[in-house]
Amino acid sequence: MSQLVQRAQEQIRQAIEAAAQRAAQAGELPQTPTGAFSMEVPADRRNGDLSSNAAMAWTRELRQPPRKTAEALARHIDLTGTYSLRCEAAGAGFLNFYYGDSYYADIVADVLDKGDQYGRSTIGAGQRVLVEFVSANPTGPMHMGNARGGALGDCLATVLEAVGYEVEREFYVNDGGNQIEKFGLSLDIRYRQHFGDVVELPEDAYYGADITQRAQDFAAVYGDSYLSCDEKERRAALVAFALPKNVEEIHRNLERYRIEYDNWFYESSLYKNGEVDRVIALLKESGNTYEQDGALWFKATQFGCDKDFVIVRANGFPTYIVPDIAYHYNKLVTRGFHRAIDILGADHHGYTLRLHAVLNALKIGEGRLDFVLMQMVNLMRGGEAVRMSKRTGKSLTLEDLLDEIPIDALRFMFNMRDPGAPMDFDLDLAIEKSSQNPVYYCQYAHARICSLFARLAEDGIARRSCSSEELALLRAPEERELITLLAALTGEIAEAARCYDPARVTRYCTELAGQFHRFYNVCRVKGEAEPLMQARLSLCACVRDVLRNLMQMFKIDVPEKM
RNA sequence: GCGCCUGUAGCUCAGGUGGAUAGAGCAACUGCCUUCUAAGCAGUGGGUCGGGGGUUCGAGUCCCUCCAGGCGUGCCA
């Protein structure tokens, strides 16, 4: 929470502790309680602006009914020097506090004063964090899972930046291992078929039209000159030709999606710089491996896994997890990030256990590697699940989605649910330009405020800074609710960062927009007496700035007119 | 079999570290524009919080158990 909000709560907490001491001295409590208690903003505003459960938390310690304790505390409390004017015992034993006008006035002044820095904090200062996300397989086009992962990873990185972490965004290009072999093989077959060779794709090869296209493009450039080559050489040439094109396409699509990476990290670099061999050596040295059936096994059962697993196959090639171990070694040791965060599909959860086990065995990255597992996306159209593209009949790609749905809607709506929850994505809703669409709902609130300012400017009226006394005129329930919501922003962003859930921020936007619409409907600005009009203009400016900042953070357009 | 995730209104979902009468939006119905954008607001109806136990001043939230759905459990990635 913001320093102001925190200070306000701290003052009252101390007043409660002092009251407990006095009540004990006066014999109204059996002893001075020492247990922990909490302060919270009640859901129902009739229960005050701030509430404490102290009396209830002390029930056991004091061995008396909480209501009795609360009444004693309320009698002895001294609120001098706090924002609260009044305290009462309520319900089962709550202590409810009611703020004076100055609290609300100070919040508004604080928001305006901090400007686009409002809501940010320094929790993560000095900590370098690497967020790796999407990392789509470069053997083909991106799919739906990459769409959610992209919006999630990019916005999570932004949220972490907002609480002070030094963040880098990274895309890991899997340009090594078995899948590249398969990629080369598939291209090779298509290339040969192009020139009339009667060869069939094996069962587990890539069948996509994109592969055929790449093979034909290759043929257009090099003709049949590679037919006579050694198979290995031909496949290497095909991969060298097609892979950069795929990566470029991925790059281009993500750019359209407004995602900018700091690094494109290639798996192949880990073989070149020796880190793959290095982690195998380290694992052997650690004494946690053994040989069996010609393969090298890792003693995973000693690190909490169900069974041991192979890290180097009998054919001498490492399994997929080895470059990944080297990659995380590179993140946490070589590059020295304090923390690494990987965004993965939930189907990788078994993998996360195995990777953690290995890193623990190597004694690196303990507690420094976190996974965000996201559940599946179900695309819905007309109330029914869609998996295929309407246009091509093939499975839906990220590019199809970018063609059909506004980027604003994609980025916003993929960040409306907790990553761990499966999600229905309503395509009809995403393209709808109406109040039902949460993106428009938020943008509309912003546009309304901008328009209000524009209208007043026509009459020669501009916002000026207000005195505390003027801001204290904001006393309508709708104004108070709005200010309370503004006061909660810093805490909300911090919470989003703590639990890796940017959806908290988009939901906050929706809530703020809704609260503004309610305010706007009840409280007029234009035509009110000058001091009140100015105070309300200040409040409107707060809401406008906060909405704009949050949407811009998530790279969503914030139009001034709609 | 074992592990992880999910189960809250007809639908899509909120409900930090346990707190007061479980909340929004959509859909349905009823109102509100001669004054700042009606892409908005207000109101009405709608619930065995998957079931059952337990912990305590107090459980949608924590523990146990069962049910239903998704995913994982390769010398695939």
Side-chain angles (χ1 to χ4, degrees), chain A residues 36 38 40 42-44 46-47 51 53 55-60 64-67 90-94 96 137 139 174 177-179 182 204 292-297 305-307 309-315 317-321 323-324 345-354 373-376 380 383 416-418 420-426 429 432-438 440-441 443-445 447-456 459 491-492 494-496 498-499 501 503-504 507 510-511 513-514 516-528 533 536 540 561-562:
Chain A
S38 68
E40 64 182 34
D44 187 337
R46 282 170 302 191
N47 293 320
S51 171
N53 69 347
M56 290 181 285
W58 290 336
T59 303
R60 188 178 291 202
Q64 68 172 24
R67 179 78 201 199
F94 289 96
N96 294 340
N137 193 329
T139 56
N174 285 98
N178 229 343
Q179 60 186 351
K182 234 163 40 175
D204 62 341
Q292 187 182 307
D293 306 327
L296 185 68
W297 292 70
C305 291
D306 290 352
K307 40 184 118 169
F309 55 83
V310 170
I311 53 175
V312 182
R313 302 185 186 97
N315 65 12
F317 288 101
T319 56
Y320 74 98
I321 201 169
D324 277 353
D347 53 337
H348 285 69
H349 103 265
Y351 160 84
T352 66
L353 300 178
R354 292 191 286 278
L373 296 178
M374 34 160 217
Q375 291 289 336
M376 298 296 147
M380 308 294 285
M416 294 218 314
R417 286 213 69 181
D418 178 278
M423 156 179 229
D424 286 346
F425 191 98
D426 189 333
L429 180 57
E432 191 163 338
K433 295 195 174 185
S434 82
S435 58
Q436 298 168 26
N437 186 325
Y440 286 98
Y441 187 76
Q443 290 175 329
Y444 182 56
R448 258 185 153 177
I449 301 172
C450 291
S451 159
L452 169 57
F453 277 101
R455 199 45 118 50
L456 286 166
D459 298 349
E492 205 55 50
E495 189 62 10
R498 192 186 64 81
C499 54
D501 182 12
R504 303 189 77 98
R507 282 198 293 264
T510 312
E511 221 178 304
F516 172 78
H517 288 311
R518 280 187 282 280
F519 156 82
Y520 185 89
N521 221 254
V522 173
C523 302
R524 288 199 58 79
V525 178
K526 195 181 167 190
E528 290 290 342
M533 179 185 72
R536 286 184 173 164
C540 288
K561 280 184 189 166
M562 287 176 74

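A quick note: this is a predicted structure, and the numbers were derived from the prediction, not measured. All heavy atoms count here, side chains included; hydrogens, waters and symmetry mates do not. First the proteins, then the strands, lettered A, B, ... as listed; each starts at 1.
Partners of A:F453 under the side-chain contact (heavy atoms from CB on, under 4.5 Å) rule, at least two apart in sequence or in another chain, are A:I449, A:R463, A:L537, A:C540, A:A541, A:R544. Every residue meeting the side-chain hydrogen bond (donor to acceptor under 3.5 Å, both in side chains) condition with A:R536, not counting sequence neighbours, appears here in chain and number order: A:E479. Residues satisfying the side-chain contact (heavy atoms from CB on, under 4.5 Å) test with A:R448, not counting sequence neighbours, are A:Y444, A:F516, A:H517, A:Y520. Judged as a side-chain hydrogen bond (donor to acceptor under 3.5 Å, both in side chains), and not counting sequence neighbours, A:R507 has no contacts. Shown here are the side-chain contact (heavy atoms from CB on, under 4.5 Å) partners of A:R498, two or more places apart in sequence or in another chain: A:E495. Under the side-chain hydrogen bond (donor to acceptor under 3.5 Å, both in side chains) criterion, A:N96 pairs with A:S51, not counting sequence neighbours. With sequence neighbours excluded, the residues forming a side-chain contact (heavy atoms from CB on, under 4.5 Å) with A:T139 are A:N137, A:I180, A:F183, A:Y206, listed by chain and number. In this view, A:S38 and A:N53 satisfy the side-chain hydrogen bond (donor to acceptor under 3.5 Å, both in side chains) rule, not counting sequence neighbours.
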- prompt: If pairs are Watson-Crick or G-U with both distances under 3.5 Å, what is the dot-bracket string of RNA chain B, marking crossing pairs with [ ] and pairs to another strand with |?
  reply: (((((((..((((.....[...)))).(((((.......))))).....(((((..]....))))))))))))....
statement: Per-nt protein contacts along nucleotides 69-77 of chain B (heavy atom under 4.0 Å; B base, S backbone sugar-phosphate only, - none) come out as --SSSSBSB
Can you name the atoms? Protein N/O to nucleotides 29-32 of chain B N/O, anything below 3.5 Å, with the distance.
none

N/O-N/O pairs, protein side and nucleotides 17-19 of chain B side, under 3.5 Å:
none

